[in-house]
Structure formats: structure tokens, C-alpha cells
Engineer: 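Sharing a structure with you now.
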Amino acid sequence: MNKIKITFPDGSVHEYDKGITPLQIAESISHRLADDALIAKVNGVLKDLNFKINEDSKLQIFTFKDDEGKHAYWHSTSHLMAHAIQSLFPEAKFGVGPAIEGGFYYDFEINKQLTDDDLKKIEDTMMQLAKENHSFDRKELSKSDAINYFKQVGDNFKLEILDGLNDEEETISIYSEGEFTDLCTGPHIPSAGKIKYVKLLNVSGSYWRGDEHNKRLQRIYGVSFPKKKMLEEHLHLLEEAKKRDHRKLGKQLDLFSIVEEAGPGLIFWHPKGSRVRTAVEDFWKDAHFKNGYDLIYTPHIGKSWLWETSGHLSHFKENMFAPMTIDEQDYYVKPMNCPFHIMIYKSDLRSYRDLPLRWAELGTVYRYEKSGVLHGLLRVRGFTQDDAHIFCTHEQIEEEIIEVIRFSLYIWKSFGFEKLKFYISTKPEKAVGNDDLWEKATDSLINALTTEGLEYEVDEGGGAFYGPKIDIKVKDALNREWQMSTIQFDFNLPERFDMKYIGEDGKEHRPFMVHRALLGSIERFMGVMIEHFGGAFPMWLAPVQAAVIPISQSFSDYGQKIYDTLREKGIRVELDKRNEKIGYKIRHWETQKIPYMLIVGEREKENNTVSVRQHKVGDKGSVKIEEFITNILDEINNKIIN
RNA sequence: GCUGACGUAGCUCAGUCGGUAGAGCACAUCCUUGGUAAGGAUGAGGUCACCGGUUCAAUCCCGGUCGUCAGCUCCA
């Protein structure tokens with residue numbers, strides 16, 4: 001009667017006394033585990049380590065190695081930070097302080113605008129408090145008791161949160177760590193002493209409950225780790241991300257600029273950046289044609305009729321640039337390409353024999369984005385979507401979606417992105433189209449992913465009102481996730497534009513319409529790609545594939561000959577005739593992250609060779625010109641990525 | 001859009017507690033003609049983001065505008 005059975009993750013079952021805690025169980029397994037343990041999952045629910053287990057249970061114990069453990073660790077650190085803030089600024093009122101991906105934050109209100117120096121002070125105080133090693137103690141209480149407590153402390157934010165809770169449906173709990181008590185569902189790590197290394201990263205503004213009409217709070221972001229090495233690695237990664245910032249590299253490598261006088265969020269592609277973009281677009285067009293798409297071009301502006309019919313003027317107007325009046329007609333710059341593609345669809349009577357139609361366009365659109373959200377290439381006001389629309393029959397949907405998925409995998413792989421994550425969004429509350437339609441479309445999305453053996457997550461009710469979708473997030477070299485591709489059904493536009501095709505039965509039918517953008521926008525893709533490669537593009541994308549560097553000006557002629565030969569082969573080559581020493585020129589091209597330098601002097605001229613120096617690798621010795629050309633054409637054509 | 005910080009030469013940044021500015025790199029000219037990450041000299045380059053205000057005097061103080069950055073919200 002006093003014994004309970006505990007099932008471990010490996011399936012083994014052990015007997016313990018009733019009322020035993022996960023920590024005690026961890027101790028019975030090993031000191032090491034007991035030491036590293038942070039929280040536990042009992043029958044699928046996360047619990048503190050001192051939770052008393054009174055019935056047969058499944059048990060999992062988490063350490064910092066697990067996401068659950070990290071999450072609790074960081075969440076507890078946010079409490080520790082709040083504790084430190086409270087001791088430094090007793091008047092502080094606290095909002096919320098969750099763990100997030102890569103750390104934690106806490107929102108709070110104090111009278112003083114915090115500076116970086118304050119962060120250091122808070123950090124120091126946190127470390128002192130951590131040394132005191134107070135435990136995180138859970139207490140469950142009634143709503144009225146909780147209200148009384150936070151009234152007494154005078155924390156209105158907590159009272160507001162409590163106001164939204166119902167203690168008949170959920171347990172209300174508070175956690176105390178030393179002097180600091182916070183409303184919190186938990187769980188927490190056993191004690192603050194587990195928190196060894198903390199770094200507060202930045203302070204910025206936020207609004208209570210994310211609403212700008214509410215009170216402005218200050219938010220401090222931070223991370224923490226149990227080992228010094230982990231903190232160092234993390235900071236190194238942040239440092240690396242800073243170095244790879246596409247805005248910085250864009251300037252350093254002379255790829256693009258944004259011109260204040262010309263307007264925010266508008267991109268100027270310099271010759272070097274344009275070379276990269278051209279390489280991307282040429283590949284994109286070629287790949288689309290080979291995969292059954294036709295390429296089309298449509299205008300940049302259109303009469304208001306289009307946008308009234310499409311519904312953009314009633315749903316999307318605040319994101320559109322203001323209209324211009326020409327011949328007493330309002331014209332809008334396009335924020336999307338779809339209505340134009342539909343115009344082409346409607347230019348002819350379509351038969352089921354014509355379907356599917358797959359039309360792709362690098363369509364440049366303009367959207368009014370709030371000034372505060374603009375960010376380098378990643379969030380702009382004018383951008384080029386790698387857009388395509390697929391018009392097909394009911395029967396064709398599944399096959400079409402499978403093809404799009406396969407195609408997107410191929411595209412991403414070509415650019416060196418191997419890690420993709422898939423998300424399906426299903427029917428929201430407010431939606432157009434009947435359930436049948438939604439079900440069929442959603443099934444086709446799920447089936448396509450399953451057929452391709454791809455894992456996915458489902459966002460129930462997360463779809464747009466006009467149809468379900470698959471979003472693809474891409475992981476870059478630093479393991480950061482970027483939302484890029486989207487594949488969306490649209491039940492709305494075919495209806496609004498009264499699109500049809502004549503079926504086998506001789507009757508009119510409504511075609512299915514799928515929007516899809518794979519790279520998303522060329523600008524954003526370029527930004528992500530610049531960061532992914534850290535500016536060191538693979539051969540097939542590099543703005544300069546090779547730089548010819550004569551040892552001295554007396555070999556300029558030979559250098560020119562090499563340059564001409566390569567350029568004739570379509571290789572993006574530069575000739576560095578500057579009157580500088582060889583070391584100087586090498587340094588220049590090395591910092592420009594150019595894949596190959598071809599150094600030519602007396603020896604090379606005599607033997608008709610080039611001395612090859614590879615970026616980051618160094619001197620590779622000399623080879624015959626023809627051999628070098630063969631090698632790099634091979635590297636370019638096979639899109640080799642190192 | 002909101003909050004905060006910031007805006008000095010092409011770039012990266014000093015500086016002036018109010019008396020109209022400086023470095024390094026890059027650029028130009030000359031010397032040097034060199035073998036795998038910076039040779040030397042000289043020179044040019046700035047309405048100190050823009051518009052107002054305070055002041056004998058504003059790049060500096062104040063207000064506004066524009067832009068950038070960190071966030072919030074939103075999103076390709």
C-alpha cells in the first residue's frame with residue numbers, strides 16, 4: 001500500500017515509497033544525476049523536483065541538456081533577475097518573465113531608464129543572490145489569498161493577471177526564492193545556486209501585454225548557463241552572428257545599400273550584389289522552366305477595380321501605398337501579384353485539358369510597412385517575390401502539392417540549406433469556403449508531407465481566412481530559423497474573380513488556386529543567404545569568382561590575357577592592376593571573401609599557368625590555365641558548396 | 001506606428017563642459033616593381049542628418065522633422 005511503481009523512460013519499472021520526490025529518485029540512480037537534475041515530468045506534467053509522487057507514475061528527469069531543463073533553468077533565472085531588480089529598485093513592479101528560445105526576459109516598471117551599467121549591477125547582484133542559494137519554494141493558494149498578497153505588495157500587473165484566472169479551473173501558485181515571491185505556475189529548478197553564469201544582453205522597451213496603448217515597461221533579455229564554457233560558446237555564437245550581419249557585410253562587400261534620401265525600406269543593388277542576385281534568379285528561372293512552370297511578367301500597377309475585386313482594398317489597404325490618379329482612375333502599386341496572374345488566366349476560356357497551369361514570376365511588390373519594423377533586407381517596403389500560382393482541378397491537387405514540396409526541397413538544397421521544418425495551418429474560425437473544400441485541401445497538404453516522409457507540426461486554426469497552408473522554415477549555418485517558403489490554398493480569389501474552366505462534363509467548374517513562394521522574397525532570401533555563408537559565397541553565387549593578381553605591373557599584360565580568357569568563358573573575374581605589393585592585394589581580396597586568387601608573375605607567364613590561392617585555404621600551387629578553367633567551371637556548374 | 005538610444009569625411013570611429021573639427025582605412029599623385037594578409041611620401045575630402053529656437057556665438061543646449069539601431073506590435 002505504501003509502495004508505488006515508477007516507470008522510467010527506458011521502460012524499466014522500479015518500486016519506491018509513496019511520497020518520494022523526483023530528486024530522491026535521481027539520488028537513488030546517481031549522485032551525478034541528482035546534481036544535474038533540474039525538473040521532472042510526472043505522467044506527462046512538468047513538476048518541481050520536490051514534488052511528492054503518491055501514485056504509480058511515469059517519470060522523466062531533465063537536466064540542462066534537455067530543452068525542458070534549459071527552459072526551467074532560464075525561467076528560474078528570470079525570477080532571480082527580478083529578485084535582483086527588486087533589491088536594487090524596491091519600487092519595481094513586475095510584469096511577466098518567461099523563458100524564451102535562447103534565454104529569458106523579464107518586463108517590469110521602474111522610474112529610471114536603465115543603462116548598460118545598470119545591467120552589470122543587476123548581473124552582479126544576481127550572482128551574489130545565487131551564491132546565497134535560496135530554494136524555489138512552491139505554494140498553492142486560493143485566488144483571494146493571491147490577490148491579497150499582491151495587493152499588499154502593490155503589484156498591479158500581477159493583480160491584472162490574477163483577474164484573468166479562475167481558481168476553480170486552474171491551480172494558482174506562487175514561488176518564493178529568498179525575499180522574492182512571484183505569481184507563477186512553475187516548475188522551477190530546486191535552488192538559485194544552480195545558476196552559475198549569467199549574462200544580461202540588452203534592455204529595451206515593451207508594452208504591458210504587447211499593446212502600445214498600455215503602460216510602457218522595460219524589458220531585460222539575458223541568458224544563463226551552468227558551465228562557463230557554455231556561456232562562452234553562446235556569446236561566441238552571438239558574436240559570430242554580429243559578424244555575419246547582412247547589413248554589415250552588404251556594406252563591406254559592396255553588395256547593396258539603402259539610401260536615406262531615396263526612401264527607407266527600398267533596396268539598391270550594387271553591381272556586386274546584382275551579380276549574386278542574377279545568379280540566384282537565373283537558376284530560379286531555369287529550375288522553374290525545367291519543372292513544368294511557365295514564366296510570366298505582369299505590370300507593377302493596376303486600377304482600383306482589381307483590388308476591390310480581390311478584396312485587398314477591404315482587407316489589406318493599410319499595407320498598400322496610396323493610390324495615384326491617372327485619367328480620373330485610381331491606380332495602386334501592387335502589394336501582391338495574384339490578381340494579375342488571374343487576369344492572364346481569364347484572358348482565355350480554360351478547359352480541364354489545360355490544367356494544371358503553373359505560372360511563375362519574379363514579381364516586385366510594394367507594401368507599406370510601419371517604419372519601426374524595417375530591417376535591412378529582411379523587412380523592406382519594396383521586394384520581389386518568387387511567386388507562382390498553380391491553377392488545377394480537384395483531382396490534381398495532391399500531385400501538385402507533392403511536386404511543390406519536392407521542388408522546394410531541391411531549391412533549398414541547391415543553396416546549401418539542408419535543414420527545413422514544415423508547419424501546416426488549418427481552418428480558422430472565420431473562413432471562406434465550405435468544410436469539404438478545406439478538408440480536401442488540408443488533407444492534400446498532409447498527404448504530400450507524409451508521402452515525402454517529412455515531419456511537420458500543425459497549427460490548428462492558424463490558416464488564413466482564404467485557405468490552409470504549409471509554411472517552411474529554414475535553418476541556417478548558425479542554426480537560426482527563418483520563415484521563408486509558403487504554399488497556400490486560396491478559395492477566395494477564384495470565387496471573387498469568378499474563375500472557371502470547362503470540365504470533362506462540358507460544365508463550368510471552379511479551379512483550385514495555390515499561391516506559393518519558395519525563397520519568399522528575393523531581398524529577404526539574399527539577406528539570409530549572406531548571413532548563412534557569412535559573405536563567403538560558393539563559386540556559383542560569388543560576385544567575383546576569381547581575381548587575377550599580377551605580381552608587378554610588368555605582368556599586367558599576362559594578367560589581362562588570363563582575365564580575357566576567363567571572362568569569355570562567363571566567369572566573373574576581376575583584374576587587380578593596382579600599383580601595390582602582392583601582399584596588399586591578397587589581403588584586399590581575402591577580406592572581400594573571393595573564392596580564388598590567381599597570382600601571375602614571371603614563372604606563370606613562362607609556363608602559361610596561374611598560381612591559385614583559395615579563400616581561407618591559401619596557396620594551392622600553380623596549374624595550367626585550361627586546367628583551372630575546367631576545374632572551376634565544374635565547381636560552378638555543379639553548384640558545389642564547401 | 002509606439003518606447004528608448006543614436007546620427008561627425010566614402011567606411012569605422014575620436015572630439016568639442018558653446019568659440020564652425022580630427023584619426024585609421026579607402027581615394028588621388030609621386031617614389032618604389034615586389035612571390036602569398038597592410039612599402040613610403042604628399043594631397044584632396046566635412047553646411048558635424050535636416051529645419052527652427054535660445055545665445056554675441058550652436059556640431060555641442062532646447063523643440064520639431066527625417067533616418068538608423070534595440071525592442072513592442074506586425075510580417076515575405
Engineer: Check the distance between A49(B)'s C1' and E261(A)'s CD and give it to me in whole angstrom.
Structural biologist: 9 Å
Engineer: At under 4.0 Å, does any side-chain N or O of R587(A) touch on OP1 or OP2 of U36(B)?
Structural biologist: no
Engineer: Please classify the nucleic acid contact of R524(A) as base, sugar-phosphate, or nothing, using heavy-atom distances under 4.0 Å.
Structural biologist: base
Engineer: For A84(A) and M126(A), which heavy atoms make the closest approach, and how far apart are they?
Structural biologist: CB-CG, 3.5 Å
Engineer: Which one, C72(B), C75(B), G34(B), comes nearest to the side chain of V373(A)?
Structural biologist: C72(B)
Engineer: Is the base of A76(B) touched by the side chain of E369(A) through a donor-acceptor pair closer than 3.5 angstrom?
Structural biologist: yes
Engineer: Measuring only the P atom in each nucleotide, how far is G43(B) from C25(B)? A whole number of Å is fine.
Structural biologist: 15 Å
Engineer: Base, sugar-phosphate, or nothing: which does F525(A) touch, judged by heavy atoms less than 4.0 Å apart?
Structural biologist: nothing
Engineer: Regarding Q614(A) and K620(A), is there a side-chain donor-to-acceptor distance under 3.5 Å anywhere?
Structural biologist: yes
Engineer: In this structure, how many angstroms lie between the P atom of G10(B) and the CZ atom of F268(A), rounded?
Structural biologist: 17 Å
Engineer: Reckon R516(A) touches a base, only the sugar-phosphate, or nothing at all at heavy-atom distances under 4.0 Å?
Structural biologist: nothing
Engineer: Would you say a side-chain N or O of S206(A) is under 4.0 Å from OP1 or OP2 of G71(B)?
Structural biologist: no
Engineer: Using atom P of each nucleotide, how far apart are U59(B) and C13(B) to the nearest Å?
Structural biologist: 24 Å
Engineer: Checking contacts here: which listed nucleotide (U36(B), C74(B), G34(B)) is nearest the side-chain heavy atoms of S552(A)?
Structural biologist: G34(B)
Engineer: Verify the contact: side-chain N or O of Y584(A) to OP1 or OP2 of A26(B), cut-off strictly under 4.0 Å; return yes or no.
Structural biologist: yes
Engineer: Atom NZ of K581(A) and atom P of A37(B): how far apart are they, to the nearest Å?
Structural biologist: 13 Å
Engineer: Once you round it to whole Å, what is the distance between P of G71(B) and CH2 of W208(A)?
Structural biologist: 21 Å
Engineer: Any side-chain N or O of Y366(A) less than 4.0 Å from the OP1 or OP2 oxygen of A76(B)?
Structural biologist: no
Engineer: Does R247(A) place a side-chain N or O at less than 4.0 Å from the phosphate oxygens OP1/OP2 of A70(B)?
Structural biologist: yes
Engineer: If you measure from the P atom in G39(B) to the same atom in U33(B), how many Å do you get, rounded?
Structural biologist: 15 Å
Engineer: For U68(B) and A76(B), measure between their C1' atoms and round to the nearest Å.
Structural biologist: 22 Å
Engineer: May I ask you to check whether W412(A) and E418(A) show a side-chain donor-acceptor distance below 3.5 Å?
Structural biologist: no
Engineer: In terms of side-chain heavy atoms of V380(A), which of A76(B), G35(B), G39(B) is nearest?
Structural biologist: A76(B)
Engineer: Taking only the P atom of each, what is the distance from U54(B) to G63(B) in whole angstrom?
Structural biologist: 15 Å
Engineer: Taking any strand in view, what nucleotide pairs with U47(B) in a Watson-Crick or G-U wobble way, both distances under 3.5 Å?
Structural biologist: none
Engineer: Please report the distance, rounded to the nearest Å, between CG in L217(A) and C1' in A70(B).
Structural biologist: 16 Å
Engineer: Would you check if there is a donor-acceptor pair between the side chains of Q483(A) and Y423(A) at a distance under 3.5 Å?
Structural biologist: no
Engineer: With a 3.5 Å limit on both atom pairs, tell me what G35(B) is paired to, counting Watson-Crick and G-U wobble, or say none.
Structural biologist: none
Engineer: Using OP1 and OP2 only, check whether a side-chain N or O of H375(A) sits under 4.0 Å from A70(B).
Structural biologist: yes
Engineer: So how far is it from I267(A) CD1 to L377(A) CG, rounded to the nearest 0.5 Å?
Structural biologist: 4.5 Å
Engineer: Partner of A57(B) by Watson-Crick or G-U wobble geometry, both contacts under 3.5 Å, or none?
Structural biologist: none
Engineer: For the residue pair K370(A) and N319(A), confirm or rule out a side-chain donor-acceptor distance under 3.5 Å.
Structural biologist: no
Engineer: Between atom CD in Q218(A) and atom P in C2(B), what is the gap in whole Å?
Structural biologist: 19 Å
Engineer: I want to check one thing: is the phosphate of C27(B), taken as OP1 and OP2, less than 4.0 Å away from some side-chain N or O of R578(A)?
Structural biologist: yes
Engineer: So which one's nearest nucleotide on RNA chain B is more toward 5', G601(A) or T486(A)?
Structural biologist: G601(A)
Engineer: What's the shortest heavy-atom distance between I342(A) and M513(A), and which atoms?
Structural biologist: CD1-CE, 3.8 Å
Engineer: Starting the side chain at C-beta, find the nucleotide from A70(B), C2(B), U36(B) nearest to Y207(A).
Structural biologist: C2(B)
Engineer: Between Y368(A) and G1(B), is there a contact of a side-chain N or O with OP1 or OP2 at under 4.0 Å?
Structural biologist: yes
Engineer: With distance as the sole criterion, do the side chain of S611(A) and the base of U36(B) form a donor-acceptor contact below 3.5 Å?
Structural biologist: yes
Engineer: Does the structure show a Watson-Crick or G-U wobble partner for G22(B), both distances under 3.5 Å? Name it, or say none.
Structural biologist: C13(B)
Engineer: Write down the distance separating the P atoms in U55(B) and G71(B), rounded off to the nearest Å.
Structural biologist: 42 Å
Engineer: Rounded to the Å, how far apart are L374(A) CG and C74(B) P?
Structural biologist: 16 Å
Engineer: Which sits closer to the 5' end of RNA chain B, S371(A) or E523(A), going by the nucleotide each is nearest to?
Structural biologist: S371(A)
Engineer: If you measure only the distance, is there a donor-acceptor pair under 3.5 Å linking the side chains of S622(A) and S611(A)?
Structural biologist: no
Engineer: Sticking with atom P, work out how far C74(B) lies from U12(B), rounded to a whole angstrom.
Structural biologist: 32 Å
Engineer: Out of R480(A), R247(A), R524(A), R244(A), which residue meets the salt bridge (charged side-chain N to carboxylate O under 4.0 Å, His left out) rule with E531(A)?
Structural biologist: R480(A)
Engineer: Using the P atom on both, measure A5(B) against U42(B) and round to a whole Å.
Structural biologist: 44 Å
Engineer: Rounded to whole angstrom units, what separation is found between the CD atom of Q252(A) and the C1' atom of A37(B)?
Structural biologist: 15 Å
Engineer: Under 3.5 Å, is there an N or O donor on one side and an acceptor on the other linking the side chain of R367(A) and the base of C75(B)?
Structural biologist: no
Engineer: Using purine N1 to pyrimidine N3 plus N6-O4 or O6-N4 for Watson-Crick, or N1-O2 and O6-N3 for G-U wobble, each under 3.5 Å, what pairs with C72(B)?
Structural biologist: G1(B)
Engineer: Has the side chain of E602(A) got a donor or acceptor that lies under 3.5 Å from a partner of the other kind on the base of G34(B)?
Structural biologist: no
Engineer: If we call it a pair only when both distances are under 3.5 Å in a Watson-Crick or G-U wobble match, what pairs with C66(B)?
Structural biologist: G7(B)
Engineer: Closer than 4.0 Å, any side-chain N/O of K251(A) to the OP1 or OP2 of U12(B)?
Structural biologist: yes
Engineer: Could you work out which one of A76(B), G35(B), U36(B) sits closest to the side chain of E604(A)?
Structural biologist: G35(B)
Engineer: What class does the angle between the rings of F157(A) and W208(A) fall in, given that below 30° is parallel, 30 to 60° is tilted and above 60° is perpendicular?
Structural biologist: tilted
Engineer: Just compare U68(B), C74(B), G34(B) and give me whichever is closest to any side-chain atom of I582(A).
Structural biologist: G34(B)
Engineer: Taking only the side-chain heavy atoms of Q553(A) (C-beta and beyond), determine which of G34(B), A37(B), A76(B) contains the nearest atom.
Structural biologist: G34(B)
